[in-house]
Amino acid sequence: MAIALALGTGAALPTAAPAKRAPSRLHAFSSCPALVGYAKDHFAQTRGAPAGGVTPLAEPTIPGRTPTDTSAPSAPTAVSKEAAPSYSTTNVQEEGVDEPDVVKTDGTTIFTVVGDTLYAVAAAGPDGPRIAGSLKLGRSGGDLLLHGQRLLVIQSAGAPIAVDPVAGGGAPRLAVAPVSGQTVITEVDVRDPAALKVARTLTLDGQYVNARQNGATARVVLSSTPRAYTVAGVRGRASGWLPRSRFASRISGRHRTRTMVSCRAVRRPPTFSGLATVSILTIDLDKGLWEVDADAVMTDAQTVYGSASHLYVATQRWIDPETAPGDLPTTTTLIHRFDVSDPDRTTYEASGAVPGYLLNQYSLSEHGGDLRVASTADPVWWQGRQEGSSQSHVTVLRRDGATLAPVGRVSGLGQGQRIYSVRFIGDVGYVVTFRQVDPLYTIDLSNPTAPKVLGELELLGYSAYLHPIAADLLLGVGQDATPEGRTKGVQVSLFGVGDPAHPKLLAQHALGAASSSQVEFDSHAFLYWGPRQLVVLPVQVFDAGAGKSSSPGFTGAVALTVNGSGIAEAGRVAHDPADGVVPTITRSIVIGDQLLTVSDGGVLASALDGLGRVGWVAFPRPAGSSPGPAPG
């Protein structure tokens, strides 16, 4: 493996002067007639694409693998930590800000949805885990949030919708088909895992984007396509443009249907950004789904990031679907900031923009009231051809009234490449770009108005996820690659970053030829257990030999001991096969002295010392179903 270390400075990668600030404040509608009038005036302009044909976010891909949604869970509190053994919680970006995920635990019980069934698994015992209870939900999959004795299950489904040709505009030309769907939030009483009960449900128009939980308050972000696109008769009414909610209580028997937000709670950007509606629902988990506050923006939503005091929603700027290739502007990402300091409501504060597109939530980080943003800018198109090459930026945005104004920027990162992973830790930012080699840039952000590149480390392959395991150690999970940029398999890299100006590669560990890990796409699949310096990764290894084999050589989880001395494999675990198929492990949890791994097939308990098998419980398979690996 060829490794080169080069020092970067502000001169080598100059700090660009911030772009001139443009008005970005969202404007609230004064009334329902004002909202309807605005929507009807701009309806033809969308040409049947309510979100304006915004392209999906680019993400790293590995041959044969499909990136999964990057949702995540909240820290469970159903029992006190004094009453439960020490246990790991979800791997989240910001301490104290929980995220929804497919598995939740309170240190005693593990909750997960398999198919259309919610399972409660008693985690610890001399004979291993056992199923304590289950509940049919009527819909498959779902993200979970847990607080006290309440569990929220967030499920969504949707499909492309048919749109009528717009008068005078010809047939719709869509970069992305608009999606009509629903999100169902189910409140489950989990005080007795053996008798799980649905307490209330909230059915909402729109696709679930993501959520965050600050203490007892959950905020769920939805993106809705107006009914007016499919039902012409409602285009003159507010109900045609606003998403609806349907509430049902199993406790009181009460039902109600109404618009999710009022007209005056909807805002729009100063520049037209499509007619889709992004709604933020504020839910008090101490009370459940009975009272929900909602705010909305007439735009799209792609990335959600939450800090202790703010929620940020980002999306690429709307582009007319009929824009000719030669006239396409450079990509711009709009970012809206909301105050979440009041547990009962979410309040809009300011908006801003950065060049290019974001990789994922880790592209955003709030520190000292400023927002740091890592983005990749596309080259300009001229007559259908690329002019110039891509480059990446780190921009610092600071609130100035209702504007998130750029106050500092580093540009020119990874010419001809794009960002594959980002991590901001205190005053230092770490950015990995990739095409053939993997430069790890270290960026000094101690002076937000004059950020600068401190160091650069180049090696083959890339890191798709970065995780701090000590003040001076950074772990990268990604892919090894050939000098030509062809990926070879999962590679774990340990970097010494005690001196950010001189980052060092301390150790690397390969997990097998043609291997992949869900951690590359979903950070919540990653487990680091500090007391044991233990890293656990779900992995599939295709022992390709001469590239002829397509069946997995190993499907399971790999445990690594990682510290300043290097990386050592501590062991591997795999779940019991069903009809010859080994299920894919999706999550790993430490409870007491056991490692519990979860798949759609069941839950396996292994001893932390040596990973010896303690016990296994399989989830029942529906009659007539065929087993298969869990979605990756």
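Quick note: residue numbers are just sequence positions, from 1. Heavy atoms only: backbone and side chains are in, while hydrogens, waters and symmetry mates are out.
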Task: Side chain proximity check, L505 to L459, heavy atoms < 4.5 angstrom - done: yes
- [ ] Dump the intermediate steps for side-chain hydrogen bond (donor to acceptor under 3.5 Å, both in side chains) on R418 and S390, then the final yes or no.
- [x] CA-CA 7 Å; R418 63 181 175 87; S390 62; over 6 Å; no
TODO: Please check if any side-chain donor atom of S375 sits under 3.5 Å from a side-chain acceptor atom of H393, or the reverse.
DONE: no
Task: Any side-chain heavy-atom pair of Y441 and L454 under 4.5 Å - done: no
Which side-chain N or O atoms in residues 110-123 pair as donor and acceptor under 3.5 Å with protein atoms at least two apart or in another chain?
| residue | atom | partner | partner atom | Å |
| --- | --- | --- | --- | --- |
| T112 | OG1 | V102 | O | 3.0 |
| D116 | OD1 | K136 | NZ | 3.2 |
| T117 | OG1 | K136 | NZ | 3.4 |

Would you give me the side-chain donor-acceptor pairs under 3.5 Å for residues 526-539, sequence neighbours excluded?
| residue | atom | partner | partner atom | Å |
| --- | --- | --- | --- | --- |
| R532 | NH1 | D609 | OD1 | 2.7 |
| Q533 | OE1 | N563 | ND2 | 3.2 |

- [ ] Check whether any side-chain N or O of S88 sits under 3.5 Å from a backbone N or O of V590 as a donor-acceptor pair, and report yes or no.
- [x] yes
Open item on the list: Under the criterion side-chain contact (heavy atoms from CB on, under 4.5 Å), I'd like the reasoning laid out for L359 against T376: C-alpha separation, chi angles, the key distance, then a yes or no.
Closed with: CA-CA 8 Å; L359 173 67; T376 297; over 6 Å; no
Open item on the list: Could you walk me through whether L151 and L144 satisfy the side-chain contact (heavy atoms from CB on, under 4.5 Å) test, starting with their C-alpha distance in whole Å, then the side-chain angles of each, then the deciding distance to 0.1 Å, before giving a yes or no?
Closed with: CA-CA 7 Å; L151 179 77; L144 308 178; 4.1 Å; yes
Open item on the list: Under a 3.5 Å threshold, yes or no: a donor from one side chain and an acceptor from the other, between R613 and S606?
Closed with: no
Open item on the list: Looking at S599 and G601, would you say the former's side chain and the latter's main chain have a donor-acceptor pair under 3.5 Å?
Closed with: yes
Open item on the list: When you compare the side chains of Y87 and D106, does any donor N or O come within less than 3.5 Å of an acceptor on the partner?
Closed with: no
Task: Parallel, tilted or perpendicular: ring planes of Y462 versus F434, cut at 30 and 60 degrees - done: tilted
- [ ] Could you verify whether a donor N or O on one side chain and an acceptor N or O on the other, from Q479 and Q491, lie under 3.5 Å apart?
- [x] no
Open item on the list: F495: which residues meet the ring-ring contact (aromatic ring centres under 6.0 Å, His included) condition with it, sequence neighbours left out?
Closed with: none
TODO: Taking atom types as modelled, find out whether T584 and T555 have a side-chain donor-acceptor pair closer than 3.5 angstrom.
DONE: no
Open item on the list: One thing to verify: whether R621 and D579 come together as a salt bridge, which I'm taking to mean a side-chain N less than 4.0 angstrom from a carboxylate O.
Closed with: yes
Open item on the list: Assess, by modelled atom type and distance only, whether the side chains of Y357 and Q302 contain a donor and an acceptor separated by less than 3.5 Å.
Closed with: no
Open item on the list: Tell me every residue that passes side chain to side chain donor-acceptor pair (under 3.5 Å) with S363, counting only those two or more places apart in sequence or in another chain.
Closed with: none
Task: Under 3.5 Å side-chain donor-acceptor pair for S493 and Q508 - done: yes
TODO: Any pair with a residue in residues 573-596 that passes ring-ring contact (aromatic ring centres under 6.0 Å, His included), sequence neighbours left out, goes on the list, sorted by first then second residue, please.
DONE: H575-W616
For residues 464-477, tabulate all N or O donor-acceptor pairs below 3.5 Å that involve a side-chain atom, not counting sequence neighbours.
| residue | atom | partner | partner atom | Å |
| --- | --- | --- | --- | --- |
| Y465 | OH | N91 | ND2 | 3.0 |
| Y465 | OH | R423 | NH1 | 3.1 |
| Y465 | OH | H467 | ND1 | 2.7 |

- [ ] State plainly whether the residues R486 and D480 are in salt-bridge range, i.e. N to O under 4.0 Å.
- [x] no
TODO: Give the intermediate values and the outcome of side-chain hydrogen bond (donor to acceptor under 3.5 Å, both in side chains) for residues E366 and Y312.
DONE: CA-CA 10 Å; E366 185 181 87; Y312 295 86; 2.5 Å; yes
Task: Worked verdict on Y420 versus V431 for side-chain contact (heavy atoms from CB on, under 4.5 Å) - done: CA-CA 8 Å; Y420 267 62; V431 177; over 6 Å; no
